[in-house]
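Each remark here refers to the structure printed beneath this line.
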Amino acid sequence: MSEITGHTGLRNGATAVVNESYSFACMRCGHGWEQSYEIEHHIDGEGREFVMYVADGEVVPSPLSRPTCPNCDNHLVRIMRPGRVSSVRDAVHQQRRVPPAGPVEVPGVPSDGGVPKDDHHWHLSDLLHVFQRKAS
């Protein structure tokens with residue numbers, strides 16, 4: 001679920017710093033987001049190891065404990081490997097591309113926008129006749 005991207009310089013008494021990234025998806029509202037963390041490994045005054053998660057320069061709770069959706073504050077959040085949300089956003093963005101507008105040809109209507117040559121007015125019955133059963 002995480003990807004260790006490498007080590008950064010030690011700071012604030014950390015014995016090691018590891019970068020991890022996650023993708024998140026809220027199962028309530030559908031909001032998706034990604035976040036990278038610096039995980040600082042420390043040793044407390046009694047010699048026990050502990051870690052601190054840092055996101056955007058601030059110490060935050062572990063994203064694995066109880067993640068919260070920033071959109072709806074729900075805790076029903078799926079944690080995935082990094083890049084999952086951005087790859088879905090890219091795919092959706094490509095699907096929404098609209099082809100360039102151009103002239104549309106309508107059968108029976110002259111391209112100059114004038115009145116059709118035949119004076120036929122369409123009625124619903126004209127369109128439904130293909131669905132009528134033929135008597136045999």
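- The side chain to side chain donor-acceptor pair (under 3.5 Å) pairs that include a residue from residues 50-74 are Thr68-His75, where partners are two or more places apart or lie in different chains.
- Residues passing the side-chain contact (heavy atoms from CB on, under 4.5 Å) test with Pro70 are His31, Trp33, sequence neighbours excluded.
- With rounding to the nearest 0.5 Å, the separation of CD in Glu20 from OH in Tyr37 is 10.5 Å.
- Counting all heavy atoms, side chain and backbone alike, Tyr22 lies closest to Ile79 at CD2-CG2, 3.7 Å.
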Taking it one step at a time, do Val54 and Val60 satisfy side chain to side chain contact (heavy atoms under 4.5 Å, CB included)? CA-CA 6 Å; Val54 180; Val60 296; over 6 Å; no

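- Expressed to the nearest 0.5 Å, how far OG1 of Thr15 lies from NE2 of His42 amounts to 7.5 Å.
- Within the model, atoms CE of Met80 and CZ of Arg78 stand 6.0 Å from one another, a figure rounded to the nearest 0.5 Å.
- When atom types are taken as modelled, the side chain of Ser23 and the backbone of Arg81 share a donor-acceptor pair closer than 3.5 angstrom.
- Both Phe24 and Leu64 belong to a single network of hydrophobic side chains, linked directly or stepwise wherever heavy atoms of I, L, V, M, F, W or Y lie under 4.5 Å apart.
- For Glu49, there are no salt bridge (Lys or Arg N to Asp or Glu O under 4.0 Å) partners at least two apart in sequence or on another chain.
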